[in-house]
Amino acid sequence: MAKEFDPGISLLNIDPEQIRRVFINLFDNALDAIDTGGTLRIATRKDKRSGTIQVHFSDDGKGINPSDRDKLFLPHFTTKKRGTGLGLAIVTRIINEHNGSIQVADNNPKGTVFIIELPDTSTQAASPGSREPALPRTAPPA
């Protein structure tokens with residue numbers, strides 16, 4: 001695994017448990033796609049022009065069939081023997097709830113890259129010590 005993190009990115013106002021779920025799903029999918037000795041790369045970038053933080057999960061695995069791309073994020077679509085087809089649908093929901101987006105592309109010369117874009121919330125005022133998600137709660141705190 002290779003890591004390439006942009007040092008210009010500070011803390012973001014996200015739901016860490018939900019984003020962790022996103023990362024685990026993308027990590028597991030990449031591991032399923034690569035052969036022994038393959039590479040998974042995680043990179044972050046700050047795009048000041050668009051005001052977003054990008055997270056790239058790329059692998060040098062077998063890639064995704066072009067005919068499957070449009071269905072990839074739909075619930076119950078899977079190309080795996082043991083899959084339920086819910087993983088990327090859940091990933092999409094979580095990213096959308098964070099006011100972000102996710103895309104898939106070829107990782108030339110071989111493999112796939114998933115690109116997550118999240119709003120750069122590091123410039124927004126937050127209360128000290130706050131770990132609240134950037135999302136409205138669905139129920140009031142207990």
Side-chain angles (χ1 to χ4, degrees), residues 1-66 68-80 82-142:
M1 182 165 85
K3 297 178 273 187
E4 183 182 318
F5 299 133
D6 185 331
I9 298 174
S10 56
L11 295 177
L12 296 176
N13 191 17
I14 57 172
D15 182 329
E17 193 57 37
Q18 292 297 316
I19 295 299
R20 180 172 128 3
R21 177 181 275 177
V22 167
F23 285 13
I24 288 171
N25 185 281
L26 294 175
F27 184 79
D28 285 345
N29 286 349
L31 287 179
D32 286 346
I34 59 178
D35 296 321
T36 303
T39 301
L40 166 62
R41 177 177 301 280
I42 302 171
T44 59
R45 294 182 180 91
K46 184 174 190 167
D47 186 340
K48 292 179 183 176
R49 254 185 327 146
S50 68
T52 61
I53 302 298
Q54 297 179 348
V55 183
H56 295 234
F57 283 83
S58 57
D59 65 64
D60 58 2
K62 58 189 171 200
I64 296 172
N65 187 327
D68 291 339
R69 286 197 191 219
D70 291 339
K71 302 175 270 187
L72 211 56
F73 298 103
L74 296 175
H76 306 292
F77 176 78
T78 185
T79 59
K80 299 178 182 181
R82 61 174 173 77
T84 63
L86 294 176
L88 289 175
I90 291 169
V91 163
T92 301
R93 180 186 54 80
I94 292 169
I95 296 302
N96 288 341
E97 287 175 351
H98 281 79
N99 299 314
S101 65
I102 183 167
Q103 301 168 23
V104 63
D106 287 332
N107 184 28
N108 292 316
K110 176 178 148 178
T112 304
V113 60
F114 284 87
I115 303 163
I116 297 171
E117 287 189 331
L118 296 169
D120 182 359
T121 58
S122 65
T123 57
Q124 297 174 0
S127 57
S130 173
R131 293 183 183 234
E132 293 297 314
L135 315 171
R137 291 181 178 259
T138 55

Check your understanding: How long is the span from the OG1 atom in T121 to the CD1 atom in I53, to the nearest 0.5 Å?
Key -> 8.0 Å
Review point. Once you round to the nearest 0.5 Å, how far does CZ of F73 lie from CD1 of I102?
Key: 4.5 Å
Review point. Does the side chain of T112 reach to within under 4.5 Å of the side chain of F114, using non-hydrogen atoms?
Key: yes
Practice item. Sequence neighbours left out, what passes side chain to side chain donor-acceptor pair (under 3.5 Å) with R20? Give chain and number order. Key: none
Review point. At what distance, to the nearest 0.5 angstrom, does CD1 of I14 lie from CD1 of I95?
Key: 8.5 Å
Exercise for review: Could you tell me which residues satisfy side chain to side chain contact (heavy atoms under 4.5 Å, CB included) with I34, sequence neighbours excluded, listed by chain and number?
Suggested key: L31, D59, D60
Check your understanding: Which pairs count as side-chain hydrogen bond (donor to acceptor under 3.5 Å, both in side chains) when at least one residue sits in residues 34-43, sequence neighbours excluded?
Key -> none
Point to revise | N-O pairing of D32 and K62 below 4.0 Å | key: no
Review point. H98 side chain to D15 main-chain N or O, any donor-acceptor pair under 3.5 Å?
Key: yes
Check your understanding: Side-chain contact, heavy-atom cut-off 4.5 Å: L12 with D120?
Key -> yes
Point to revise | Partners passing side chain to side chain donor-acceptor pair (under 3.5 Å) against T52 (at least two apart in sequence or in another chain) | key: S50
Study note, to complete from the structure: N107 and V113 have their tightest heavy-atom pair at CB-N, 4.0 Å
Exercise for review: Report yes if some heavy atom in the side chain of R69 is under 4.5 Å from a heavy atom in the side chain of I64; otherwise report no.
Suggested key: yes
Point to revise | Pairs involving residues 21-31, ordered by first then second residue, that meet side-chain hydrogen bond (donor to acceptor under 3.5 Å, both in side chains) (sequence neighbours left out) | key: N25-N29, N29-K80
Exercise for review: Mind jotting down which residue pairs meet the ring pair (Phe, Tyr, Trp, His ring centres under 6.0 Å) criterion with at least one end in residues 39-63? Sequence neighbours excluded, please.
Suggested key: F23-F57
Check your understanding: Out of curiosity, I42 CD1 to T44 OG1, how far, rounded to the nearest 0.5 Å?
Key -> 10.0 Å
Point to revise | Donor-acceptor pair, side chain of D6 and main chain of K46, under 3.5 angstrom | key: yes
Study note, to complete from the structure: Heavy atoms of I116 and L118 approach each other most closely as CG2-CG, 3.9 Å
Exercise for review: Mind checking the CD-CD spacing from Q103 to Q54? Nearest 0.5 Å is all I need.
Suggested key: 8.5 Å
Practice item. Could you list the residues that satisfy salt bridge (charged side-chain N to carboxylate O under 4.0 Å, His left out) with K71, not counting sequence neighbours? Key: D68
Practice item. Taking the side chain as every heavy atom from C-beta outward, state whether L86 and H76 have any pair of such atoms under 4.5 Å apart. Key: yes
Review point. More than 12 non-hydrogen atoms from neighbouring residues, nucleotides or ligands closer than 6.0 Å to CG on N108, yes or no?
Key: yes
